[in-house]
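Worksheet: the structure to be examined is printed underneath.
Heavy-atom basis, side chains included; hydrogens, waters and symmetry copies ignored. Letters A, B, ... mirror the listed sequences (proteins, then strands); counts begin at 1. This structure is a prediction, so every number in the text was calculated from the model and none was measured.
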There are 2 protein chains.
Amino acid sequence: MRYLLVEDNQELAEAVLRRLAMDGHAVDHAASLEAAKDCLAAADYDLILLDVMLPDGDGREFLAQSRKRLDVPVIMLTARSQVSDRVGALDQGADDYITKPFDFSELEARCRAVLRRRGGSAKNEIALGPALFDPLSGTLRRGETKVDLRSRESRLLEVFALNPGQILSKGQLMDRLFTFDSAVTENAIEVYIGRLRKRIEGMGFQIETVRGLGYRIEAQSP
Amino acid sequence: MRYLLVEDNQELAEAVLRRLAMDGHAVDHAASLEAAKDCLAAADYDLILLDVMLPDGDGREFLAQSRKRLDVPVIMLTARSQVSDRVGALDQGADDYITKPFDFSELEARCRAVLRRRGGSAKNEIALGPALFDPLSGTLRRGETKVDLRSRESRLLEVFALNPGQILSKGQLMDRLFTFDSAVTENAIEVYIGRLRKRIEGMGFQIETVRGLGYRIEAQSP
DNA sequence: CGGACTGTGTCAGGTTTATGTCAGCTTACT
DNA sequence: AGTAAGCTGACATAAACCTGACACAGTCCG
């Protein structure tokens, strides 16, 4: 997938770029509307991440104009205070919006959601042993049994599901679950592992601790 | 592989250099950011080990700047006390971090992990007779049988696996397993050899004692 | 607006586990 | 047989991990 990120905050932009690159996407970065136009002229994108406040104009106007020519999904990045930003963002042609500060995992989830909506119904469920996990809705299903996960639990499980068999350290999990400026304890991961374990009981797979290294998902042993 | 170590503590730097050299890597050493820049201009590296606190600046800033131009994996070396060091290290562009003081074997393991992640996901398993050993997850497999090793056991086995047929003295093994400033008895090695032997029973290879000299790994005799 | 509810993250105390030492034993070599 | 080297079961310890309880902030709903 090829993304275009339009964002003038350098620090934030780099963090987002890195993260999306880790997921295997090619991401171009434009720090202004001017630069964004150049990028759009030069390449085809699958998704645009568009900040509202930009040095040379308002992202919404840009969106309104581009919509006539483009048919690319757009996710708006808005500041929390700018409530009015949200209102109308969707009207203006955005496919979704996300308020800053956001978790990277949430951004990833929204990107997937939007792309899925657009690109037809590519199934987005992940098989976990005999169970099926839908990270978008946060539901886990095995036959008749269905479990709803909370947002954090869902993201956590998603990270495991995307790295089956691999050991993930608490540090890695933290970086995947939390914003870079939020200072949470590693203990939070332990707590969530515990909560998640309770929920996935009887689903045919389990999270196993690898002492000193991290955690790993595995199909039920016995 | 060619590494660049950016670290101002002379003693630590030399120890790391020696160790990595033993693994057959070429390692350059820069004691400051200034020197690091010169090195980067002069050569291409496969991996950078970057201390956070340096006499002429913060390693993280350096990293943030370099990221634009470089695409080399970076492992940050942070002090345990400096919690803030760790926070965001990965977001700032590091591929991994390791807190001082660290065991050399852990450093090696992380280097391998990062390089592997970067260089595609080639499996990193080592053949030991009829068995396969994955030093990253610490699992040993022979056909259907799977054994999980503990961290120290895993590192110990790794040393043997990388030096097949060679006799390794207890001193050498200690150097490879423990931090240079930690004072452990040679008996500890004996104990671990014993534990490891128990675990690898039936895996088709064995650790044999060479009285007065050390130990050696060999395929099962009969 | 206030109270009930929910999702989150922290904390403190309890539990488990890896690790290294020790003491006494076995083995190999002279 | 004597001696040094190696082995091993038992143990203390500290670190890693788990978990019940709680505090806090949103959100919902009357």
Side-chain angles (χ1 to χ4, degrees), chain A residues 80-81 83 86 99 101-103 105-106 109 137-139 147-157 167-179 181-201 206-216, chain B residues 80-81 83 87 99 101-103 105-106 109 137-139 147-157 167-179 181-201 206-216:
Chain A
R80 172 148 295 168
S81 57
V83 184
R86 300 154 159 243
T99 53
F102 47 78
D103 288 354
S105 46
E106 185 171 355
S137 62
T139 53
V147 178
D148 282 305
L149 302 181
R150 308 207 267 228
S151 151
R152 275 276 137 81
E153 294 164 0
S154 178
R155 306 248 174 82
L156 181 57
L157 182 54
I167 296 178
L168 298 166
S169 74
K170 277 184 263 201
Q172 287 174 308
L173 292 172
M174 278 176 60
D175 284 331
R176 296 222 151 230
L177 283 186
F178 303 102
T179 325
D181 57 353
S182 85
V184 289
T185 327
E186 288 202 339
N187 177 257
I189 295 295
E190 294 168 14
V191 172
Y192 278 111
I193 292 280
R195 287 172 183 164
L196 187 52
R197 271 181 179 148
K198 260 186 198 146
R199 297 219 191 240
I200 67 176
E201 254 169 24
Q206 63 193 351
I207 296 168
E208 132 188 350
T209 15
V210 185
R211 195 157 246 260
L213 294 179
Y215 300 90
R216 169 175 47 181
Chain B
R80 169 148 296 168
S81 57
V83 184
V87 176
T99 51
F102 47 78
D103 288 354
S105 45
E106 185 172 354
S137 64
T139 54
V147 179
D148 282 305
L149 302 182
R150 306 206 267 226
S151 159
R152 274 276 137 80
E153 294 164 0
S154 178
R155 306 242 177 88
L156 180 57
L157 180 55
I167 298 177
L168 298 165
S169 74
K170 277 182 259 195
Q172 285 176 307
L173 293 172
M174 279 175 60
D175 282 347
R176 298 209 143 241
L177 283 187
F178 303 102
T179 323
D181 57 353
S182 87
V184 290
T185 326
E186 288 206 339
N187 177 255
I189 295 295
E190 295 168 10
V191 171
Y192 277 111
I193 292 281
R195 286 173 184 163
L196 188 52
R197 274 180 178 149
K198 257 184 201 149
R199 295 219 194 241
I200 66 177
E201 254 169 25
Q206 63 193 354
I207 297 168
E208 132 189 349
T209 314
V210 184
R211 193 158 238 265
L213 295 178
Y215 301 90
R216 169 173 48 181

Output the single nucleotide from [options] whose closest atom is nearest the side chain of [X].
{"X": "B:Arg211", "options": "C:dC29, D:dC7, C:dT10", "value": "C:dC29"}
{"X": "A:Arg195", "options": "D:dA15, C:dT19, C:dT8", "value": "C:dT8"}
{"X": "A:Val191", "options": "D:dG20, D:dC7, C:dA18", "value": "D:dG20"}

Is the shortest side-chain N/O distance from [X] to OP1 or OP2 of [N] below 4.0 Å?
{"X": "B:Thr185", "N": "C:dT21", "answer": "yes"}
{"X": "A:Lys198", "N": "D:dG20", "answer": "yes"}
{"X": "A:Arg152", "N": "C:dG9", "answer": "yes"}
{"X": "B:Thr209", "N": "D:dA5", "answer": "no"}
{"X": "A:Lys170", "N": "D:dA16", "answer": "no"}
{"X": "B:Tyr192", "N": "D:dC7", "answer": "no"}
{"X": "A:Ser151", "N": "C:dG7", "answer": "no"}
{"X": "A:Tyr215", "N": "D:dA16", "answer": "no"}

Fill in: First encountered from the 5' end of DNA chain C, between B:Ala188 and B:Arg150
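Closest to the 5' end, via its nearest nucleotide, is B:Arg150.
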Worksheet entry | Presence of salt bridge, A:Lys170 and A:Glu190, under 4.0 angstrom |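 Yes.
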Specify the separation, in whole Å, of atom [atom1] of [X] and atom [atom2] of [N].
{"X": "B:Asn187", "N": "D:dC11", "atom1": "CG", "atom2": "C1'", "value": "14 Å"}
{"X": "B:Leu196", "N": "C:dA18", "atom1": "CG", "atom2": "P", "value": "14 Å"}
{"X": "B:Glu208", "N": "C:dA28", "atom1": "CD", "atom2": "P", "value": "12 Å"}
{"X": "B:Glu190", "N": "C:dA28", "atom1": "CD", "atom2": "P", "value": "15 Å"}
{"X": "A:Leu213", "N": "C:dT17", "atom1": "CG", "atom2": "P", "value": "16 Å"}
{"X": "A:Glu186", "N": "D:dA15", "atom1": "CD", "atom2": "P", "value": "15 Å"}
{"X": "B:Arg197", "N": "D:dT8", "atom1": "CZ", "atom2": "C1'", "value": "12 Å"}
{"X": "A:Met174", "N": "C:dG9", "atom1": "CE", "atom2": "C1'", "value": "11 Å"}

Worksheet entry | Check: B:Leu149 and B:Leu196 side chains under 4.5 Å, non-hydrogen atoms |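 They are in contact (side-chain heavy atoms under 4.5 Å apart), so the answer is yes.
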Worksheet item: Can you find a heavy atom in the side chain of A:Arg197 that is under 4.5 Å from one in the side chain of A:Thr209?
Response: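 Result yes, sub-4.5 Å side-chain heavy-atom pair found.
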Practice prompt. Write down the atom of B:Leu173, the atom of B:Leu156, and the distance for their closest heavy-atom approach.
Written response: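 Taking B:Leu173 first and B:Leu156 second, the nearest heavy atoms are CD2-CD1, 4.0 Å.
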Item to complete: Taking all heavy atoms of B:Asp148 and all of A:Arg216, pick out the closest pair and write down the distance.
Response: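 Closest pair (atom of B:Asp148, atom of A:Arg216, distance): OD1-NH2, 3.7 Å.
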